[in-house]
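The model shown is predicted, which means the values in this text are computed figures rather than measured ones.
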Amino acid sequence: DGYPAYLEMLCDRLASFFPVRRGGTLFLANEDLIPVIDEHLLEAFHHELFDEKGRIALMFERRLENCRRFSKAPSAYLQTLWAVAEGRRKVSEIAFFIQGKVAETKKILGRLVEENFLLRQGDLYILPDPLFRFWLREIDFRRQNFPLLDGQAFHDEFYRVLMREFEKGE
């Protein structure tokens, strides 16, 4: 479930860590040539998704800025995206999460579908981009709702979440 642009950005990030290439393998530039391993991929994901200067994170931030622009109540739209990212798929579940009325929630969902943030499949709403869904759930939601987490604690928790996701993917 990937998008070529994300892969390109992650490869660019890896290449910045490992500027030596022999054949098709990237290596860390030092006395010993060290091939890229899972930990390096994890670090590249971490930089791209968590760091405020990561290109993927910036792209996702711009997406949310666009969402805020088309709404008089941007927080309801953002909360709706968080609800779907958290696994709520039905209107009633989403309305409960955002503490809104079903009729209002349907309008919000309709607009998010119209603007290509969500897809509607029957009675269910989904975020089709798995990396954006992950970023909304694990980074944006936590940053917005748990501002007292200090930078290092948040950083460490995100790293643990990424490790769990990598282990599930094996």
J.: At what distance, to the nearest 0.5 angstrom, does CG of Asp123 lie from CZ of Arg120?
T.: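 So the CG of Asp123 and the CZ of Arg120 are separated by 6.0 Å.
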J.: Suppose clustering is done on Ile, Leu, Val, Met, Phe, Trp and Tyr with side-chain heavy atoms closer than 4.5 Å. Which residues sit in the same group as Ile126?
T.: Leu119
J.: Can you tell me how far apart CD (Glu104) and CD1 (Ile98) are? Round to the nearest 0.5 Å.
T.: 8.5 Å
J.: Rounded to the nearest 0.5 Å, how far does CG of Leu81 lie from OH of Tyr125?
T.: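 These two atoms lie 13.0 Å from each other.
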J.: In Å and rounded to the nearest 0.5 Å, what is the CG to CG distance from Leu118 to Leu124?
T.: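 The CG atom of Leu124 is 12.0 Å from CG of Leu118, to the nearest 0.5 Å.
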J.: Does Gly54 offer a backbone N or O that forms a donor-acceptor pair with the side chain of Glu48 under 3.5 Å?
T.: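 No, the answer is negative, given that no donor and acceptor are paired below the 3.5 Å cut-off.
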J.: Does anything in residues 101-121 form a ring pair (Phe, Tyr, Trp, His ring centres under 6.0 Å)? List the pairs, not counting sequence neighbours.
T.: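 Sorted result for residues 101-121: Phe70-Phe117.
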J.: Should the pair Arg68-Glu65 be classified as a salt bridge under the 4.0 Å nitrogen-to-oxygen rule?
T.: yes
J.: Would you indicate whether the side-chain heavy atoms of Phe132 and Ile56 approach each other to under 4.5 Å?
T.: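 Heavy-atom side-chain distance check fails, nothing below 4.5 Å.
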J.: Tell me, which pairs form a ring pair (Phe, Tyr, Trp, His ring centres under 6.0 Å) where one or both residues lie in residues 81-103, sequence neighbours left out?
T.: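 Every pair satisfying ring pair (Phe, Tyr, Trp, His ring centres under 6.0 Å) with a residue in residues 81-103: Trp82-Phe141.
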J.: With a 4.5 Å limit on heavy-atom distance, are the side chains of Phe60 and Leu49 in contact?
T.: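 When only atoms from C-beta onward are counted, Leu49 and Phe60 do touch, with a gap below 4.5 Å.
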J.: Output all residues satisfying salt bridge (Lys or Arg N to Asp or Glu O under 4.0 Å) with Arg160, sequence neighbours left out; order by chain, then residue number.
T.: Glu157
J.: Can we say Glu93 and Lys90 salt-bridge, meaning some charged N sits less than 4.0 Å from an Asp/Glu carboxylate O?
T.: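 A salt bridge is absent here (no side-chain N lies under 4.0 Å from a carboxylate O).
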J.: Among all residues two or more places apart in sequence or in another chain, which pass the salt bridge (Lys or Arg N to Asp or Glu O under 4.0 Å) test with Arg89?
T.: none
J.: What distance separates Leu112 CG from Cys67 SG, expressed to the nearest 0.5 Å?
T.: 5.5 Å
J.: Are Met59 and Met9 close enough, and set up right, to give a side-chain contact (heavy atoms from CB on, under 4.5 Å), and what steps lead you there?
T.: CA-CA 11 Å; Met59 187 169 62; Met9 288 181 226; 3.9 Å; yes
J.: Suppose we screen for side-chain hydrogen bond (donor to acceptor under 3.5 Å, both in side chains). Which residues come up paired with Arg55, at least two apart in sequence or across chains?
T.: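 Only Asp12 meet the side-chain hydrogen bond (donor to acceptor under 3.5 Å, both in side chains) criterion with Arg55.
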J.: Between Ile108 and Ala76, which heavy-atom pair has the shortest distance, and what is it?
T.: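 Closest approach of Ile108 to Ala76: CD1-CB, 3.7 Å.
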J.: State which residues pass ring pair (Phe, Tyr, Trp, His ring centres under 6.0 Å) with Phe45; sequence neighbours excluded, sorted by chain then number.
T.: Phe166
J.: Please name all residues satisfying side-chain hydrogen bond (donor to acceptor under 3.5 Å, both in side chains) with Glu138, sequence neighbours left out, ordered by chain then number.
T.: Arg142
J.: For Val84 and Leu136, run side-chain contact (heavy atoms from CB on, under 4.5 Å): C-alpha distance rounded to whole Å, both residues' side-chain angles, the deciding distance at 0.1 Å, then the answer.
T.: CA-CA 9 Å; Val84 177; Leu136 279 169; over 6 Å; no
J.: For the atom pair CG (Leu58) and CZ (Arg63), what is the distance rounded to the nearest 0.5 Å?
T.: 12.5 Å
J.: With sequence neighbours left out, write down each residue that passes salt bridge (Lys or Arg N to Asp or Glu O under 4.0 Å) with Arg88, or none if nothing qualifies.
T.: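 Partners of Arg88 by the salt bridge (Lys or Arg N to Asp or Glu O under 4.0 Å) criterion come out as none, since no residue qualifies.
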J.: Name all residues meeting the side-chain hydrogen bond (donor to acceptor under 3.5 Å, both in side chains) criterion together with Glu61; count only those two or more places apart in sequence or in a different chain, and write none if there are none.
T.: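 For Glu61, no residue satisfies side-chain hydrogen bond (donor to acceptor under 3.5 Å, both in side chains) once neighbours in sequence are set aside.
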J.: After noting the C-alpha distance and the side-chain angles of Thr80 and Leu109, does the key distance pass the side-chain contact (heavy atoms from CB on, under 4.5 Å) rule?
T.: CA-CA 8 Å; Thr80 300; Leu109 288 165; 3.6 Å; yes
J.: Please report the C-alpha distance between Asn66 and Arg69 in whole Å, then the side-chain angles of each, then the deciding distance to 0.1 Å, and finally whether the side chain to side chain donor-acceptor pair (under 3.5 Å) criterion is met.
T.: CA-CA 5 Å; Asn66 290 336; Arg69 285 191 187 116; 3.0 Å; yes
J.: Check side-chain hydrogen bond (donor to acceptor under 3.5 Å, both in side chains) between His47 and all other residues, then give those that pass, not counting sequence neighbours.
T.: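 Partners of His47 under the side-chain hydrogen bond (donor to acceptor under 3.5 Å, both in side chains) test: Glu43, Asp51.
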J.: How would you list, by chain and number, every residue that makes a salt bridge (Lys or Arg N to Asp or Glu O under 4.0 Å) with Arg137, sequence neighbours excluded?
T.: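 Arg137 satisfies salt bridge (Lys or Arg N to Asp or Glu O under 4.0 Å) with no other residue.
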